[in-house]
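For the numbers below, each heavy atom of this structure counts, side chains included, while hydrogens, waters and symmetry mates do not. The first residue of the sequence shown is numbered 1, and numbering continues consecutively from there.
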Amino acid sequence: MKKGKLFAPFLMLLAGAVASILMFYFHYSTKQTLYVLLAVLVIFYLAGCFIQKRVGTFVDQIREAEAKEGEVIEKEALTQDGESAVDSTGEEMAGENA
């Protein structure tokens, strides 16, 4: 399983743990605790899913940009000798002795 798939459940459980500890500390009744905890879990699960989708979209855009950049490098023009038309400094070769 990918690490990215676990973000929403982890965020939800972390928020639930924090909410449970705070409600225990402030002496909430059991009925109040259940309602508040349910609301916290649902809200943070939905927030985690939203964040997870946004990060996934952003990562996909980065991968597409890297793939396009790789294609440009592969399509670099070669001379008749099989050498690159552009040397490592980015300047075009002037002749055979360059």
Out of curiosity, does [Y] fall in the hydrophobic cluster containing [X] (side-chain heavy atoms, cut-off under 4.5 Å, transitive links)?
{"X": "L14", "Y": "V55", "result": "no"}
{"X": "V18", "Y": "I51", "result": "yes"}
{"X": "F24", "Y": "L22", "result": "no"}
{"X": "L46", "Y": "F50", "result": "no"}

Hey, is CZ on F7 packed in by over 12 heavy atoms from elsewhere, all under 6.0 Å? yes
Heavy-atom distance under 4.5 Å between the side chains of D60 and R63, does that happen here? yes
Specify the closest pair of heavy atoms between [X] and [Y], including all atoms of both residues, with the distance to one decimal.
{"X": "M12", "Y": "Y45", "value": "SD-CB, 3.7 Å"}
{"X": "K5", "Y": "Q52", "value": "CA-NE2, 3.5 Å"}
{"X": "C49", "Y": "A8", "value": "N-CB, 3.6 Å"}
{"X": "Y28", "Y": "T33", "value": "CB-OG1, 3.4 Å"}

Out of V42, L38, V36, which residue meets the side chain to side chain contact (heavy atoms under 4.5 Å, CB included) rule with V40? V36
Could you walk me through whether L37 and S20 pass the side chain to side chain contact (heavy atoms under 4.5 Å, CB included) test, one step at a time? CA-CA 7 Å; L37 186 60; S20 296; 3.5 Å; yes
Exam field: side chain Q61 to backbone F58, donor-acceptor pair closer than 3.5 Å: no
